[in-house]
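Below is one structure, written out as structure tokens; comments come after it.
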Amino acid sequence: MPDERYDPAQVEPRWQERWNQAGAFKVAEDPGKPKYYCLEMFPYPSGRIHMGHVRNYSIGDGLSRFLRMRGFNVLHPMGWDAFGMPAENAAIAHDSHPATWTYDNIDFMRAQLKKLGFSYDWERELATCDPSYYRWEQRVFIEMWNRGLVYRKKTLANWCETCKTVLANEQVEQGLCWRCSQPVAQKSIASYFFKITEYAEELLEWLDKMPGWPERVLTMQRHWIGKSYGAEIVFPLWDHPGEIKVFTTRADTLFGATFMSLAPEHPLAVELSQGTGQEQAVKDFIDKVKRQSFADRADEKNKEGVFTGVYCKNPVTGFKMPVFVANFVLMEYGTGAVMAVPTHDQRDFEFARKYGLELKEVIVGPEGPMGVENMTQAFTDYGALINSGKFDGMTSADAKRAIAAELAGQGLGKETVNFRLRDWGISRQRYWGAPIPMIHCDKCGLVPVPMDDLPVVLPLDAQLPPTGGSPLPHLEDWLKVACPSCGGQGRREADTMDTFVESSWYFARYSCPDYGDGPLDPERSGYWMPVDQYIGGIEHAVLHLLYSRFFTKVLRDLGYLKVDEPFTKLLTQGMVIKDGSKMSKSKGNVVDPDEMVKRYGADTVRVFMLFAAPPERDLDWSEQGVEGASRFLQRLWRVATLVAGQSAAGEALPANGLAEGPLKDLHAKTHETIKKVSEDIAERYQFNTAIAAVMELVNQISLVEQDEALAGAEGRAAALREAVEAAVTLISPMAPHIADELWERLGGEGFLIDRPWPVYDDKALVKAEKLVVVQVNGKKRAELTLPAEAGDQAMKDAALADPKVQSFLEGKPVKKVILVQGKLVNIVV
RNA sequence: GCGAGAGUGGCGGAAUUUGGUAGACGCGCUGGACUUAGGAUCCAGUGGUUCACACCGUGGGGGUUCGAGUCCCCCCUCUCGCACCA
């Protein structure tokens with residue numbers, strides 16, 4: 001065999017071509033095999049694959065290939081999250097069209113992924129901007145509309161001026177737009193909403209039944225849903241018709257409520273102040289708050305408010321409570337109004353001190369009443385009630401229920417649950433998105449597009465206004481449409497859907513991307529769903545992963561899916577870091593995957609990505625580390641080609657076993673490695689330690705190969721071949737090209753992915769000798785090599801007889817000897 | 001403030017599932033072999049102090065145990081998420 005060097009530039013395209021020709025990664029439903037659906041988050045076609053993708057997809061591919069070899073029928077698809085704003089911006093910048101830009105990018109990125117050798121079933125590829133995809137989304141939208149799961153409402157919405165569109169609550173991060181990081185303003189606008197709140201309870205409950213998800217993602221979702229138990233209480237206005245409703249978790253403190261705080265956005269704020277002389281002051285205050293940035297308003301030091309001029313009545317004490325407007329009250333939470341109990345809520349306490357409002361102590365701790373004049377801060381713990389009429393002496397917990405019950409009897413309140421979760425606003429004033437299939441008719445109002453008229457195709461001949469914004473509201477020809485209800489002149493809805501809608505069900509569509517009779521083929525989606533393992537970045541912990549869970553439940557309730565949850569297991573992989581921070585254009589620390597593949601080959605890049613850190617942790621990019629991975633593959637190449645030239649496939653080990661020595665050790669190492677790699681991947685997704693184990697095996701092969709003393713030893717060729725075949729097979733999920741190449745050179749047939757994963761032989765793991773560690777008082781003092789069959793007594797005797805050990809015993813009486821099965825002796829003196 | 005996760009050689013990281021040889025594997029470094037040459041390849045060494053014996057060593061401090069990186073309590077630091085949630 002000529003000393004041919006490993007050249008990935010030769011090897012990799014050849015195998016990619018062969019896999020492609022053979023349709024090696026095509027899958028179909030097969031009731032005879034257990035199915036496994038392995039999915040990585042699909043990319044936005046921004047132009048180029050980045051290292052984060054490579055890491056994400058290397059993990060998914062390693063797992064997919066491994067499981068397929070383990071006998072699973074593995075679905076492993078890929079597609080494109082193809083709607084979205086960057087396409088519009090790029091189109092304006094390059095005087096092109098979002099569709100052209102998007103599809104060009106998809107072509108380029110698909111080629112990049114193919115060069116990395118991922119085992120996708122490309123026949124299932126889908127792009128969400130394709131009408132054959134979003135038509136079904138439009139259909140689901142209409143079915144949701146018919147069921148009351150979608151409604152349209154004019155509300156104060158999060159408006160991003162830069163993106164010229166509204167945003168869902170989830171898409172506002174600390175007052176900034178999730179996409180462009182510009183401040184988000186409030187704007188009154190009509191939007192369509194998905195009633196995700198209808199599923200709040202179920203979304204929350206299922207979090208307890210998802211052991212395959214990381215705890216922190218579950219926690220983030222729990223918090224986002226934000227269920228809290230409390231009461232709704234009605235405060236009648238003083239000498240005035242009307243009332244103010246509040247939500248409180250502390251109904252037990254009701255007797256201490258001495259004033260009322262409204263959110264500046266509360267409709268009653270302006271209304272109540274009319275004609276009180278406070279009208280102007282209230283208006284000025286609201287204006288001021290509106291101008292405040294999110295951060296200023298949230299600042300602890302800026303708690304302020306203004307009196308509205310009116311009062312309301314505490315329903316249990318009859319206390320005349322002044323009604324304030326306060327900047328710390330949030331319209332989005334509860335009812336937008338808060339009963340203020342300054343003695344038992346820190347914010348109310350500070351507010352009351354600032355504006356000279358009355359304090360009434362109603363909860364006491366074990367130390368008894370503090371006296372309001374002595375309070376330097378609110379007492380927010382639970383305790384026992386005082387100054388609360390017939391509820392005096394009750395515990396907070398009991399009183400909450402009792403007071404709510406009392407109020408309920410008078411029609412002034414009830415126990416209730418409140419969620420932080422708001423309905424999902426899905427209208428976007430953008431062009432490059434799925435059209436919302438609704439028609440506005442002056443006579444009939446909002447009418448859904450008839451099912452038979454779907455899809456409402458996004459008109460591709462639109463010209464994007466260079467100033468930004470959507471061209472759709474100006475496309476008269478497209479907008480004008482007959483009202484399906486009365487036949488009169490109607491107008492199409494010009495808003496498009498949030499692109500998170502597309503990504504909320506693409507995983508199910510992969511099961512049947514060509515299905516033409518509905519969103520999902522019941523048979524195929526029934527076979528494949530749910531996704532067994534989902535892999536992607538943590539940044540979607542709330543957004544995408546919550547929306548997808550919701551949409552899955554909706555699809556279930558519409559009869560399209562049989563599962564309750566979309567993703568059984570979730571793996572959130574860490575970021576790819578360079579020079580201490582995430583790779584980004586702005587930091588200038590981006591490493592281009594293409595360039596790395598060109599320089600080192602895809603297998604090397606993949607092995608490095610999997611080896612440098614466990615999947616969940618952040619990974620430090622290191623060019624030297626990549627070189628290390630490259631060296632390892634070269635080493636593997638060298639030992640394997642050498643062995644391929646020295647023996648033929650099927651070379652058998654001696655019938656009566658290998659003699660004690662390096663060859664038998666290698667045989668044992670081979671099977672230990674099979675065991676370790678299998679367990680590391682299957683149970684813990686620890687590709688890093690799996691690769692390390694193969695490295696050890698390769699190192700040992702190399703030593704045996706070079707050992708001249710073994711030149712004519714019986715079984716040498718067979719032991720080496722067995723070890724090399726194992727190494728090549730075990731590394732194949734991570735480095736598939738070189739593995740298939742070497743497999744062929746070793747005389748193997750077909751692709752490794754079609755071969756069964758190796759099984760270790762228990763007998764090979766049994767060794768003639770064992771290493772026993774001897775401790776004295778828990779400190780390691782000696783190592784003994786004993787025959788494997790040495791029993792407890794033999795171990796103990798050998799340990800005590802060891803001269804090194806004896807020097808530590810110094811004739812002291814042995815109190816106790818602890819033996820750990822075949823491994824360790826601890827002598828206590 | 002609340003929640004989650006993490007602190008181990010010069011570096012990335014093993015060992016934490018099940019308490020039992022701390023530092024696997026790789027990078028870097030040192031020495032050697034081969035060589036006209038080596039930034040290729042191969043071999044060996046590589047936690048610290050020490051000539052050695054030995055001692056010390058997993059963020060800090062306590063504890064449980066024959067034995068603790070691993071379990072328990074307290075504290076410190078870092079990362080991430082949420083953050084006026086009534």
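Lettering follows sequence order; numbering is per chain, from 1.
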Pick base, sugar-phosphate or nothing for [X], based on heavy-atom distances below 4.0 Å to the nucleic acid.
X      : answer
A/S622 : nothing
A/D345 : nothing
A/N699 : sugar-phosphate
A/S702 : sugar-phosphate
A/L703 : sugar-phosphate
A/V329 : base
A/V828 : sugar-phosphate
A/G226 : nothing

Using whole Å, what does the distance between atom [atom2] of nucleotide [N] and atom [atom1] of [X] come to?
X      : N     : atom1 : atom2 : result
A/I225 : B/G3  : CD1   : P     : 19 Å
A/I577 : B/U79 : CD1   : C1'   : 10 Å
A/K303 : B/C85 : NZ    : C1'   : 13 Å
A/R420 : B/A86 : CZ    : P     : 11 Å
A/E627 : B/G39 : CD    : C1'   : 9 Å
A/N826 : B/U65 : CG    : P     : 15 Å
A/Q346 : B/C85 : CD    : P     : 11 Å
A/F259 : B/A86 : CZ    : P     : 17 Å

Under-4.0 Å side-chain N/O to phosphate OP1/OP2 contact, [X] with [N]:
X      : N     : answer
A/Q686 : B/A14 : yes
A/N688 : B/A14 : yes
A/R631 : B/C27 : yes
A/R222 : B/C2  : no
A/R684 : B/A15 : yes
A/R617 : B/A14 : yes

ask   = Taking the six-membered ring where the residue is Trp, are the ring centres of A/Y355 and A/F324 under 6.0 Å apart?
value =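 They qualify: ring centres under 6.0 Å apart.
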query = When the ring centroid of A/Y600 is compared with that of A/F608, is the distance short of 6.0 Å?
reply =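 For A/Y600 and A/F608, the ring centres are not under 6.0 Å apart.
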Inter-nucleotide [atom1] distance ([N], [M]), Å rounded:
N     : M     : atom1 : value
B/U70 : B/G20 : C1'   : 11 Å
B/A22 : B/G67 : P     : 15 Å
B/G45 : B/A24 : P     : 12 Å
B/A40 : B/U8  : C1'   : 34 Å
B/G47 : B/A15 : C1'   : 16 Å
B/U16 : B/U64 : P     : 26 Å
B/C42 : B/C25 : P     : 15 Å
B/C11 : B/U46 : C1'   : 14 Å

With the side chain of [X] defined as its heavy atoms from C-beta on, choose the nearest nucleotide among [options].
X      : options             : value
A/I818 : B/C27, B/C42, B/C66 : B/C66
A/V820 : B/G20, B/U21, B/G26 : B/G20
A/R347 : B/C85, B/U21, B/A40 : B/C85
A/R638 : B/G26, B/U41, B/G20 : B/U41
A/K780 : B/C25, B/A22, B/C43 : B/A22
A/R216 : B/A4, B/C43, B/C27  : B/A4
A/L824 : B/G81, B/U21, B/A24 : B/U21
A/Q775 : B/G20, B/A40, B/A4  : B/G20

Hunt down the Watson-Crick or G-U wobble partner of [N], both distances under 3.5 Å, from any strand shown, or write none.
N     : answer
B/G28 : B/U46
B/A22 : none
B/C82 : B/G1
B/U70 : none
B/G7  : B/C76
B/A33 : B/U41

ask   = Would B/G9 be called syn or anti, given that syn covers angles within 90° of 0?
value =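 What B/G9 shows is a syn base, its glycosidic angle lying within 90° of 0.
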message = Regarding A/D618 and A/R55, does a basic nitrogen lie under 4.0 Å from an acidic carboxylate oxygen?
response =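 A salt bridge is absent here (no side-chain N lies under 4.0 Å from a carboxylate O).
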query = Is any NZ, NE, NH1 or NH2 atom of the basic residue among A/K227 and A/E201 found under 4.0 Å from an Asp or Glu carboxylate oxygen of the other?
reply =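 Answer for the salt bridge query: yes.
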message = Are the side chains of A/F632 and A/I731 in contact, using a 4.5 Å heavy-atom criterion?
response =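 Counting from C-beta outward, A/I731 and A/F632 do come under 4.5 Å.
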inquiry  = Run the salt bridge (charged side-chain N to carboxylate O under 4.0 Å, His left out) test on A/D252 and A/R250 for me, step by step, so that the C-alpha distance in whole Å, both residues' side-chain angles and the decisive distance to 0.1 Å come before the verdict.
reply    = CA-CA 5 Å; A/D252 55 315; A/R250 295 296 305 268; 3.0 Å; yes
inquiry  = I'd like to know whether CZ of A/R401 has more than 12 heavy-atom contacts from other residues, nucleotides or ligands below 6.0 angstrom.
reply    =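 No, not enclosed.
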message = With a 6.0 Å cut-off (strictly less than), is the heavy-atom count around NZ of A/K245, excluding the residue itself, greater than 12?
response =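 No, NZ of A/K245 has 12 or fewer neighbouring heavy atoms, counting only those of other groups under 6.0 Å.
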Within 45° cone of A/W224 ring axis and under 6.0 Å: A/R420 NZ or CZ =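 Checked: cation-pi criterion met.
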key: Along RNA chain B (nearest heavy atom to each residue), the more 5'-positioned of A/A692 and A/P614   =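 Whichever sits nearer the 5' end wins; that is A/P614.
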query = Which comes earlier along RNA chain B counting from the 5' end, the contact point of A/R781 or that of A/M575, where each point is its nearest nucleotide?
reply =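 Its nearest nucleotide lies further toward 5', so the answer is A/R781.
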key: Positive for side chain to side chain contact (heavy atoms under 4.5 Å, CB included) with A/V774, one of A/I827, A/L800, A/D802   =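 Between A/V774 and the candidates, side chain to side chain contact (heavy atoms under 4.5 Å, CB included) is satisfied uniquely by A/I827.
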